[in-house]
Structure formats: C-alpha cells, structure tokens
2 protein chains.
Amino acid sequence: MSERDSQPAKSGKRATINDVARVAQVSKKTVSRVINQSPFVREETRARVQEAIDELGFVPDPQARGLAFRRSFLVGMIYDQPSPTYVVNMQQGILDALKGSGLELVVHPCSRTSPTLLKDIRGFVERQRLFGVIMPPSVSEDETVIELLRELDTPYVRIASIALDQPQNMVVTNDWIGAAEAARHLVDLGHRRIALVRGLASFRSSVVRGQGFIDALKERGVDLPPAYDIQGAYTFDSGREAAHALLSLPEPPTAIFTLNDDMALGVMQAARERGLELPRDLSVVGYDDLPMAAHIWPNLTSVRLPIRDMGRMAAEKLLAPMRGVDPARLQQPEIRPSLVVRRSAIQV
Amino acid sequence: MSERDSQPAKSGKRATINDVARVAQVSKKTVSRVINQSPFVREETRARVQEAIDELGFVPDPQARGLAFRRSFLVGMIYDQPSPTYVVNMQQGILDALKGSGLELVVHPCSRTSPTLLKDIRGFVERQRLFGVIMPPSVSEDETVIELLRELDTPYVRIASIALDQPQNMVVTNDWIGAAEAARHLVDLGHRRIALVRGLASFRSSVVRGQGFIDALKERGVDLPPAYDIQGAYTFDSGREAAHALLSLPEPPTAIFTLNDDMALGVMQAARERGLELPRDLSVVGYDDLPMAAHIWPNLTSVRLPIRDMGRMAAEKLLAPMRGVDPARLQQPEIRPSLVVRRSAIQV
DNA sequence: CGGCTCATGGAAACCGGTGTCAATCATTCA
DNA sequence: TGAATGATTGACACCGGTTTCCATGAGCCG
C-alpha cells in the first residue's frame with residue numbers, strides 16, 4: 001500500500017466558527033460572512049479570517065448551517081428507472097458536478113405506481129429540506145410530483161426527452177435524433193422491411209424515439225406498416241415476444257429497431273429460438289448502448305446517450321443559483337445521442 | 001393518473017416541538033422524551049403527546065436533532081465496485097432496511113488507487129458526521145480506511161468474502177462455496193479439462209473463489225494445471241485474452257470458469273472469434289449472475305449472490321444499536337451463493 | 001405525620017451556525 | 001472642519017431540537 005495523506009488530526013476536536021473568530025480577532029458573524037462569500041468584508045479582514053480557517057482546518061458543519069438556513073446541503077436523486085447502468089452513471093455525473101461544493105447526494109428510488117408515491121416523496125423532500133432534486137425519466141414526467149416540489153418550494157431539475165418545463169429546470173435529450181439516426185443507418189444498409197419495437201407508452205422517450213424513427217424512415221421513402229409497429233415494455237421478455245410476432249408475419253422484417261437494449265437482447269433471443277443466424281438473417285439495433293452491448297455476440301449496434309454528462313449538467317443547473325450563474329447562460333445545448341455502429345446490423 | 005394521497009398541507013408550516021408541547025400541555029423536554037422513547041414518561045402523558053404529534057403531523061427535524069446529537073441521520077455507502085448492477089442492488093437493500101428509520105442513504109464512490117482516498121473519505125465522514133458507513137468490496141478490504149473510520153469513531157459494516165472483523169461489523173459471503181458448486185457442476189457434466197480465470201488479485205473474493213474452485217476440483221479428483229489457472233482482471237477484455245491463451249494451448253480446456261460474468265462474456269467472445277460454437281465446443285460458467293446472464297445466448301450458467309439481501313443485512317447491523325438489538329443475536333448466517341444452471345455449460 | 005427516595009416535568013444553556021439591526025469607521029461633500 | 005454617506009463589523013436573538021440541573025408531587029417508612 002502506497003503512502004497516503006490524511007489530515008494532521010487537529011487535536012481530535014473539530015474547530016468551530018468561534019475558534020476561527022478568536023484566532024482571527026473578529027466576531028463569529030464576520031467569519032460567517034467570509035464563509036458565505038459576503039461582499040461586505042474588507043479584503044484585509046477576509047484574508048486574515050481565511051488564514052485562520054486554513055490554519056485550524058475549519059470546515060463549517062452542514063447540519064448547523066442547514067438548520068440556520070432552513071435548507072440542507074443534500075441533493076436528492078429520485079428515480080424509478082430500472083436500469084442499473086443508467087442509475088449509476090447518472091449518480092456519477094451528479095457527483096462529478098457536486099464535487100467540492102459541499103453538497104452530498106441522497107438516493108431515493110420510487111415507484112410511480114405506488115399509491116403512496118406522493119406521500120413518500122413529500123416525506124423525503126420536506127423532512128430533509130433538500131437543497132434540490134434531480135429526476136430522470138419516467139418520474140421526471142410526472143406532473144403531480146412536479147406540482148408537489150413546487151408546493152414544497154424545492155428546486156428541481158428534470159431530465160426528459162422533451163422540454164416539459166423552463167430551461168433552468170430541464171435537461172433535454174434529443175431522442176428524436178437518436179432514433180432517426182438508427183433509421184437512416186438501417187435504410188442505408190439496404191433494409192426496407194424494418195420493424196419498430198417501442199417501450200412503455202407511459203415513457204415520453206418511447207413516443208419521441210418512435211416518432212424520430214418513423215419520420216426518418218419516411219424521409220428516406222420507407223414506410224412503417226402497422227404490423228411492424230409493436231408496443232413493447234422495455235423488458236427483455238417484451239422484446240422477445242415482439243420479435244416472435246414480427247418473425248411470424250408472412251413478410252417478416254429484415255431488421256428490427258428496439259427502443260432499448262434489453263428488448264434488443266430479447267429480439268436476438270427470439271431470432272435464435274427460431275433458428276435464425278445473426279446478423280445474417282436479421283439485423284438488430286438497440287438504444288442505450290449498455291456496456292454489454294459491446295460484449296455480446298454479435299456486438300450490438302446501439303444509440304448512446306451520454307448519461308453521465310446528463311447527470312452532471314442537471315446538477316450544474318441546480319448549483320447555478322448558488323454560484324451566481326446567470327440562468328440565461330445555462331441553456332446548454334440539447335443532449336444529442338450518437339449511433340454506435342457495431343456488427344448486429346449489416347448490409348441486407 | 002389515479003388519485004393520490006398527500007398530507008393535508010398543514011397550513012404550509014411544519015409543526016415544531018413547541019407546537020406539540022403546547023397542544024399536549026407539556027414541556028418540550030417531555031415531547032423530546034417521547035420522541036426518543038425515554039422510559040421516564042408516564043404512559044398517560046406519552047399517549048397525550050403522541051396524539052398531539054399525530055394530530056399536527058409533527059416530524060422532528062433531522063438537522064436540528066443531528067446538531068444536538070452531534071451525529072447526522074445519514075448512512076454513507078462508500079464503494080469502488082465498478083459493477084452498476086451490484087451497486088444499485090446493494091443500494092436497494094440498504095434502503096429496504098433504512099425504510100421507516102428516518103435515516104437516508106448518501107452514496108460515495110471512491111477509488112482505492114487515488115492518492116487522496118483517505119482525505120476524501122475523512123472529509124465525507126467527518127463533515128457529515130455520518131451515522132454509519134457501509135462498504136462492499138474492495139474498499140471494505142482496505143485496512144487503512146477501516147483504521148480511519150475507527151479513529152473518527154464512526155460505526156461501519158464491511159461486506160466481504162472473509163471475516164476480516166468482528167461479527168457486528170461484517171457481512172460475510174461464502175464465496176468458497178459458490179465457486180465450489182461451479183466446479184462440482186462442471187465435473188458432474190463430465191468435464192475434466194477445466195480452466196479458471198481469476199479476477200483482480202487485490203480482491204479477496206478472487207482468492208477465495210479461486211480456492212473454492214480448486215478445492216472442489218480436487219475433491220472430485222480433478223487437477224488444475226498451472227496453465228489452466230489464469231489471472232484476469234474482472235474485465236471483459238481480460239476474459240477474452242485469457243480465453244485466447246487457454247484455447248491456444250495444445251490441450252485446450254473443454255470448460256472455463258470465470259470469477260465474474262464480464263469475463264465470461266469475454267471468454268465467449270474469444271471462443272466465437274476462434275470459430276467455436278457455444279456451448280457445444282466450450283462450456284462456460286460465470287459468477288455474479290448479472291441480469292444479462294439470462295438474456296445472452298447461450299444463457300449463462302452463473303453463481304448468484306443475494307446482493308440486495310446483503311445490503312439489507314449490512315444496514316440492519318448498523319441499525320441494531322439504535323434499536324437496542326442484542327449484538328449477539330445479530331450473527332446472521334453467512335451468505336451462501338447459489339448456482340443458477342442455464343445453458344452455457346453442457347455435458348461434454 | 002414528618003422525612004426521604006423516586007419518578008417527572010420545567011427552565012435555561014447549548015449544539016454550530018445565520019439573520020437582523022444598530023454601531024463604528026473611513027471618506028467625501030458642503 | 002463638521003456632517004452626511006456608505007462600507008464594515010459586532011451584539012444578540014434564533015434555527016429546532018437535546019442535555020443539565022433543579023423543583024415538585026407521590027409513595028413509603030418509622
């Protein structure tokens with residue numbers, strides 16, 4: 001084990017604001033001003049206080065500060081997203097942005113179908129007096145939850161595939177484009193009989209992605225017959241069933257686009273159950289680009305969303321007021337997914 | 001959207017302990033006693049106070065309470081585990097146990113190789129005055145971190161594959177058995193040339209699992225020649241390389257056991273790159289039973305660990321003192337993994 | 001019936017910061 | 001030079017709980 005740092009132990013006791021005040025020969029209120037970057041402190045005084053802070057290794061107690069501010073230094077991530085990869089990457093992104101800010105991330109999974117959803121969230125947010133809340137789909141699309149957060153006067157940022165809210169409260173992913181790219185890719189490979197397996201209709205992403213796919217096909221002069229437009233549920237099994245249905249058609253598709261990777265796996269499974277060889281007999285394109293997409297056989301062509309960056313941006317929006325950032329400058333460009341071409345979709 | 005509950009809005013303001021005291025006609029100290037379940041309150045009084053609490057919907061402020069207790073109501077999960085599935089499941093388990101306790105979960109990924117590891121953790125734990133910390137491997141195996149937590153006088157629970165600490169601080173998984181089961185399974189299928197791809201040597205699990213595998217083979221009279229014992233790194237690529245090495249041997253194995261599923265995928269990839277057909281030409285068994293194990297082709301036989309339960313147990317150990325549970329009664333049975341038999345390993 | 005212990009409840013200080021508002025200081029204007 | 005003006009700073013109450021210490025009433029014994 002290599003050598004590691006660690007604080008000089010500070011005599012076992014944490015320094016308080018009073019200690020700093022004594023050392024710097026000022027009142028605790030002035031120390032508080034320095035901590036909170038108040039502009040009403042003479043530079044000379046500020047420097048003296050800062051020196052005392054550094055010398056004592058003083059770090060203000062978040063609980064005491066929070067009590068006085070009537071707001072904690074905790075950011076809540078409320079999610080009902082079932083994909084572990086999505087969740088962990090987003091947590092990472094949020095933590096990237098939170099680093100050094102003194103804020104911490106509290107995770108709070110939930111179920112939109114639970115009858116106690118609102119009570120749970122209210123309890124969580126209100127009790128902890130959260131600094132802010134970040135929500136990915138699909139809970140980000142639940143207006144009753146948003147209404148609750150507004151009532152509780154808690155800042156929030158929603159991540160979703162369409163702008164449901166003011167820019168400072170949204171990180172928008174352009175899922176239309178992602179699906180459109182997939183469509184163009186398949187058409188360019190020569191496919192004409194291309195099927196679509198959608199996700200849960202209750203997810204906006206499913207609608208937006210589906211539309212992007214259909215629009216792009218149309219652009220290229222390809223039609224999506226109703227029989228090729230299947231409603232899935234974002235699960236492996238729903239993908240499998242959809243594929244069996246599609247492949248039983250008198251004129252089965254030569255390519256299938258699924259709105260997430262789990263369903264793509266289900267499609268591949270079904271194809272093999274029917275004795276097809278992949279990718280020769282069927283091209284498949286997924287959405288999400290899970291790590292395993294690159295690890296399965298054949299490697300899955302998929303649409304990648306920069307989840308971690310999305311988490312980071314969401315957290316930055318939450319931090320903006322604290323940092324005095326102009327909200328207008330915050331209107332980051334829309335998140336654009338990119339198609340990662342691998343070997344599951346080939347020339348027809 | 002169906003009807004949902006939600007508190008009756010309580011006139012916009014949260015009730016404080018003073019409000020409760022006024023309504024119940026007692027001092028705030030008495031209310032405090034009721035909240036903290038002090039035995040020195042007459043039953044009649046306690047009931048009256050409880051009634052007032054319920055009527056007002058009073059919930060004590062964790063920040064104020066924490067300030068007075070000099071300890072927050074936050075549980076930290078510190079991890080360097082790269083598998084999203086593992087992390088999310090463990091978070092779920094911890095939250096299962098925390099539900100209703102008033103504690104929240106704060107996540108804190110870290111890197112054991114970072115030169116600032118200890119400083120980071122110290123800052124996190126000390127600043128937040130964490131109620132406790134839960135650590136899965138491999139950070140749970142880092143004694144410098146444990147030493148730090150002891151110095152900070154912060155309760156912790158370690159999850160690991162061997163008992164590194166006192167029972168109240170440990171959730172132990174019996175990885176020896178999991179690997180042994182895999183070995184027996186392969187031998188029972190008729191395999192004799194069985195190879196092992198280990199994980200990072202810095203993970204205890206890799207050592208324990210490897211030993212379990214070797215011991216069980218020996219039990220069955222099968223030997224593991226050095227050329228069949230490959231050091232991997234728990235990554236897809238390391239599994240792939242290991243398999244290429246193994247399959248280039250003059251006498252290649254007919255089965256490969258990898259100490260996690262990612263490497264199993266790498267092995268499968270390598271096999272296909274060499275034109276082998278799975279599972280006919282090579283049996284593969286993994287460890288972890290990631291969700292995708294059941295979704296890839298051929299379905300991966302793998303060893304499953306009840307990660308969520310492990311997280312729950314860890315959190316319960318942390319809560320035990322608060323609940324006045326006898327630490328002796330806490331010595332839950334060791335966690336036993338189970339082999340999930342699928343189709344990636346077949347009769348030779 | 002007085003004295004004493006035990007169980008309870010209350011007043012006030014404290015946890016470690018922040019807000020309010022008035023006092024102090026340095027400059028500038030008349 | 002005195003007063004006005006604006007920049008700095010500090011005293012004190014307060015955030016919402018807990019703990020310490022003391023007072024009070026009840027029950028018990030001689």
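Letters go in sequence order (proteins before strands), and every chain restarts at 1. Predicted model, so just to flag it, every value in this text is computed and none were measured. All heavy atoms count here, side chains included; hydrogens, waters and symmetry mates do not.
- Whole-Å rounding puts the A/Arg129 CZ to C/dT18 C1' distance at 14 Å.
- Under a 4.0 Å N-O distance rule, the pair B/Arg158/B/Glu141 does not qualify as a salt bridge.
- Note that the two end axes of the helix from C/dC1-D/dG30 to C/dA30-D/dT1 enclose an angle of 50°, each drawn from 5 base pairs, rounded to 10 degrees.
- For the pair B/Glu316 and B/Arg323, the salt-bridge criterion is not met [side-chain N within less than 4.0 Å of a carboxylate O].
- The nucleotide whose nearest atom lies closest to any side-chain atom of B/Thr45 is, among D/dG17, D/dT8, C/dG9, C/dG9.
- Atom CZ of B/Phe73 is separated from atom P of C/dC15 by 17 Å (rounded to the nearest Å).
- For C/dT18, the OP1/OP2 oxygens have a side-chain nitrogen or oxygen of A/Arg65 closer than 4.0 Å.
- At the heavy-atom level, A/Phe69 lies under 4.0 Å from the strands shown only through sugar-phosphate atoms.
- Rounded to an integer number of Å, the gap from B/Arg48 CZ to C/dT8 C1' is 12 Å.
- In this structure, A/Glu44 atom CD and D/dT9 atom P are separated by 8 Å, rounded to whole Å.
- Listed candidates were C/dG17, C/dC15, D/dT18. Nearest to the side chain of A/Ala68 is C/dG17.
- The base of C/dG9 lies close enough to the side chain of B/Arg33 for a donor and an acceptor atom to sit less than 3.5 Å apart.
- What separates CD1 of A/Ile53 from P of C/dG16 is a distance of 16 Å, to the nearest Å.
- Remark on DNA chain C: of its neighbouring residues A/Ile17 and B/Glu43, the 5'-side contact belongs to B/Glu43, judged by nearest-heavy-atom nucleotide.
- Around atom CD of A/Gln37, no more than 12 heavy atoms belonging to other residues, nucleotides or ligands sit under 6.0 Å away.
- Side-chain atoms of A/Val41 lie closest to D/dT9 of the nucleotides D/dT9, C/dT18, C/dG16.
- For D/dG17, the base has a donor-acceptor partner in the side chain of B/Lys28 [N/O atoms by modelled type, under 3.5 angstrom].
- Remark: B/Arg46 engages B/Glu43 in a salt bridge, criterion side-chain N to carboxylate O under 4.0 Å.
- Within 4.0 Å (heavy atoms only), A/Val26 reaches sugar-phosphate atoms of the nucleic acid but no base atom.
- Regarding A/Arg127, its CZ atom lies at a distance of 16 Å from the C1' atom of D/dG17, rounded to whole Å.
- Comparing atom distances between the A/Thr16 side chain and each of C/dG17, C/dC15, D/dC15 picks out C/dG17 as nearest.
- OP1 or OP2 of C/dT18 sits under 4.0 Å from a side-chain N or O of A/Ser32.
- Between B/Met310 and B/Met90, the shortest heavy-atom distance links the atoms CB-CE, 4.1 Å.
- Between the P atom of C/dC15 and the CG atom of A/Asn18 lies a distance of 9 Å, rounded to the nearest Å.
- What you find for B/Arg112 and B/Asp142 is that their closest heavy atoms are NE-OD2, 3.4 Å.
- Salt bridge status for A/Asp120 with B/Lys99: absent, with no side-chain N to carboxylate O gap under 4.0 Å.
- In this structure, the CZ atom of A/Arg42 is 8 Å from the C1' atom of C/dC25, given to the nearest Å.
- Side-chain proximity of A/Lys29 to the nucleotides C/dT20, C/dG9, D/dG17 is greatest for C/dT20.
- Taking 4.0 Å as the cut-off between side-chain N and carboxylate O, A/Asp61 and B/Arg127 do not count as a salt-bridged pair.
- For A/Ser27, the side-chain atoms get nearest to D/dA11 when compared with the rest of D/dT8, D/dT18, D/dA11.
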